[in-house]
Number of protein chains: 2
Amino acid sequence: MAETKRRRVGRPSEQVLSRVLIVEAALALIDEHGAQGFGMRDIARSLGVRPSALYNHVENKDDIYRGIRELIGERITWDGLDDAPWDVALAAWAREYRAAFAAHPPTVALLAVMPISPTSSVSVAYDRVVHALGRGGWGRGEALNVLVALESFILGSALDAAAAPDMMDPGERDDVPEFSAAYREREELVRSTGASPADQAFETGLQLILDGLRAAAAARAR
Amino acid sequence: MAETKRRRVGRPSEQVLSRVLIVEAALALIDEHGAQGFGMRDIARSLGVRPSALYNHVENKDDIYRGIRELIGERITWDGLDDAPWDVALAAWAREYRAAFAAHPPTVALLAVMPISPTSSVSVAYDRVVHALGRGGWGRGEALNVLVALESFILGSALDAAAAPDMMDPGERDDVPEFSAAYREREELVRSTGASPADQAFETGLQLILDGLRAAAAARAR
DNA sequence: ACCTGAACACCGTTCAAGT
DNA sequence: ACCTGAACACCGTTCAAGT
């Protein structure tokens, strides 16, 4: 991807860089080498350019983080979900949200922390989520609480999916028998269902939340 | 906290540092100045010591992170919860878990990402959670999925609580009317209940998950 | 306007020297 | 064993010089 020919000093005849190019290169580096080992110098090298050149298109490293966050955020859409029943729409959105981050595991740790810019497309999705919950009978203030709770679960699950798979492994310990047995029984579940531990936990939690929401909607309908 | 007298070179007559002292100093700095502006040099200065001295007690900076994580993790206990009904015990543990992180907001971003050492006390809490869910009728493999889902929600909620309070603020936008209205209605909820938005969302989500769990337990009992 | 090249302040970490 | 002091490689960022 990097030009091997050395460029002369001075403005090049045709533009070499752009903000999107830099952000995409950064994301590719993170995917390849993880969150560490992704520095301004690395990004510059992968683009065949000197580090200082990046600053013509990007404010600083944080700005690149913001760009990546927007890039991933744009992939979380609400397309067509307005026609589905509210609980189905909510589930589909939650799965898409988590999948967008899970596609780039090392980014989760970086981005889950970052404030989302209100100008981005996520606000539009928020708008539709509130609308969907309205169809289920929720007042808007309460709907926002449900939305934030759901989003917390989604981001937490994305973090879990990005973590080392054997992070919880109790190993040879014998002072936590219930937990050790549970860990081994889950391995059996993984084998029989083919779903990863993180996927299983996410689906379990998502169903619990949806069950809770449906029960509340049903109670309200009575 | 720092000695103003300059120390001579060579081994001091009495030990100045220790691992716990370093970890506690680091946590205090994070609480005061946030996650940035907390470097080895800062920790050393607050202890009245040179940066290189830290490496006699600590492997590296990551090791300090691990120490902080353990420090906070130890505060999440399961004391006495074995006697309570399983759903009450679970709720109490979840609140305590989140509160332990919420007490040090800037650490959440750092630690949520980190693998937890299996030797730590969290495994013991896991053991009791699996046990409590067993009392509710869950098989151990499924109980582990519930546990991970709950933990994802807790950590996601801790991240949310640590985020800037106006992170979602739609401001003057008029293309997301449902969301804007929800944001303003929630402000009303905050005023009337006195609970912060993050607290409200956490309680909402926790109740939804518990409702889902109770419904499953009830269905099983039939 | 947009690149290179050189520099800046700062970072985590290593290690010899000293007691 | 455990501190200081000096050094190392590396980092994000700035800026003059060049086209």
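Just so we're on the same page: letters track the sequence lines, and every chain starts at 1. Hydrogens, waters and symmetry mates play no part in the numbers below; they use all other heavy atoms, side chains included.
A 4.5 Å side-chain heavy-atom check between B:Trp78 and B:Glu96 finds every atom pair outside the cut-off. Residues A:Ser152 and B:Leu159 form no side-chain contact, since every pair of their non-hydrogen atoms from C-beta on lies 4.5 Å or further apart.
Between A:Tyr126 and B:Tyr183, the distance separating the two ring centers is not shorter than 6.0 angstrom.
The phosphate of C:dC3 has neither OP1 nor OP2 within less than 4.0 Å of any side-chain N or O from A:Arg7. For A:His57, a side-chain nitrogen or oxygen approaches OP1 or OP2 of C:dC3 to under 4.0 Å. Phosphate proximity of C:dC3 to A:Arg50: absent, as no side-chain N or O sits under 4.0 Å from OP1 or OP2.
When all heavy atoms of A:Ile72 and A:Ala100 are compared, the closest pair comes out as CG2-O, 3.7 Å.
With respect to the salt-bridge test (charged N to carboxylate O, under 4.0 angstrom), the residues A:Arg95 and A:Glu203 qualify. A salt bridge is absent between A:Asp160 and A:Arg98: the closest approach of a Lys/Arg side-chain nitrogen to an acidic carboxylate oxygen does not fall below 4.0 angstrom. Ion pairing of B:Arg184 with B:Glu187 is absent here, as no side-chain N (NZ or NE/NH1/NH2) approaches a carboxylate O to less than 4.0 Å.
Checking B:Thr204 against A:Glu142 by side-chain atom types alone, no donor-acceptor pair falls below 3.5 Å.
At distances below 3.5 Å, not a single donor-acceptor pair connects side-chain atoms of B:Asp169 with backbone N or O atoms of B:Asp166. Put simply, the side chain of B:Asp127 never gets that close to the backbone of B:Val124: no donor and acceptor are under 3.5 Å apart.
Residues from residues 14-22 of chain B with heavy atoms under 4.0 angstrom of DNA chain D, sorted by number: B:Gln15, B:Val16, B:Leu17.
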Under 4.0 Å protein heavy-atom contacts per nucleotide of nucleotides 10-19 of chain C, with B for base, S for backbone only and - for none: -BBBBB--BB
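Between the P atom of C:dC2 and the CG atom of A:Asn56 lies a distance of 7 Å, rounded to the nearest Å.
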For DNA chain D, the dot-bracket pattern of Watson-Crick and G-U pairs whose distances stay under 3.5 Å, | for other-strand partners: ||.|||||...|||||.||
